[in-house]
Amino acid sequence: MTHTILGSATTGDFPDPVSTSSDDVATRAWEYGNHAVLRDALLGVARDKLSRLMQLQSGWDSHRAQPTTPIAAMAANGLLTELVADDGPTPQLAPFPDGGVQIEWLVGGTSLVVDVDADGDVLITADEPSGDELFSIEFPFWNPDPVGLDLCRRLLEKMSGMVERRLGA
């Protein structure tokens, strides 16, 4: 039996979950054949989207918008590699008109937003469902903040426990 998992603009058919226990991260992995659809699948979907953002035509917004710059894409890919985890929430990517990119996780009203500008500078913000800010971190792509990235990983782990529908490759 398969389930259709709906995302913002993507759907896919996936077999039943290994377990229905929501309190054991290790048993909530989805299986696709003999392989779990986990970190590698989430990274693959995100990297495909990032590649498409780099291929946008100038003026994609009917104005002066630019495709995602190589440096923004490199920084975004590095951050995805650092933050995406097995059984984690699905990152959503969107272009900025100046050539930057936004990566967002939104689960149960909690959000983690990573803004990478066209030059690769990074702003990460996290908000509670109430709208109150949990934290805000800024750094240049070449000098990531390890403490800040650890805060992000812990928040994503917490958000993972709130995911009701998984989106995979």
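From a predicted model like this one, the values you see are computed outputs, not experimental measurements. Positions are given from 1 along the sequence.
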Residues forming a salt bridge (charged side-chain N to carboxylate O under 4.0 Å, His left out) with Arg153, sequence neighbours excluded: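 In terms of salt bridge (charged side-chain N to carboxylate O under 4.0 Å, His left out), with neighbours along the sequence ignored, Arg153 is linked to Glu82.
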Checking Asp40 now: which residues fulfil salt bridge (charged side-chain N to carboxylate O under 4.0 Å, His left out) with it, not counting sequence neighbours?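 Testing Asp40 for salt bridge (charged side-chain N to carboxylate O under 4.0 Å, His left out), a comparison that skips the adjacent residues, returns none.
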Sequence-distant partners of Glu133, side chain to side chain contact (heavy atoms under 4.5 Å, CB included), two or more places apart: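 Here the qualifying residues are Thr125, Asp127, Ser136.
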Could you check whether any side-chain heavy atom of [X] comes within less than 4.5 Å of a side-chain heavy atom of [Y], counting everything from C-beta outward?
| X | Y | value |
| --- | --- | --- |
| Leu93 | Gln102 | no |
| Pro91 | Ile103 | yes |
| Leu151 | Asp145 | no |

Quick check: closest heavy atoms across [X] and [Y], and the distance to 0.1 Å?
| X | Y | answer |
| --- | --- | --- |
| Pro95 | Leu53 | CD-CD2, 3.6 Å |
| Val84 | Trp105 | CG2-CZ2, 4.2 Å |
| Pro144 | Phe139 | CA-CD1, 3.4 Å |
| Arg39 | Asp86 | CB-OD1, 3.1 Å |
| Ile137 | Gly148 | CD1-CA, 3.3 Å |
| Ile71 | Gly120 | CG2-N, 4.0 Å |

Spell out, yes or no, whether Leu79 and Leu43 are grouped together once hydrophobic residues are joined by side-chain heavy atoms under 4.5 Å, including indirect joins.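 Yes; Leu43 is reachable from Leu79 via cluster members.
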Working for salt bridge (charged side-chain N to carboxylate O under 4.0 Å, His left out), residues Arg52 and Asp48: CA-CA 6 Å; Arg52 289 192 307 274; Asp48 286 347; 5.3 Å; no
Distance alone, cut at 3.5 Å: any donor-acceptor contact between the side chains of Arg47 and Thr81?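 Yes, side-chain donor-acceptor contact under 3.5 Å.
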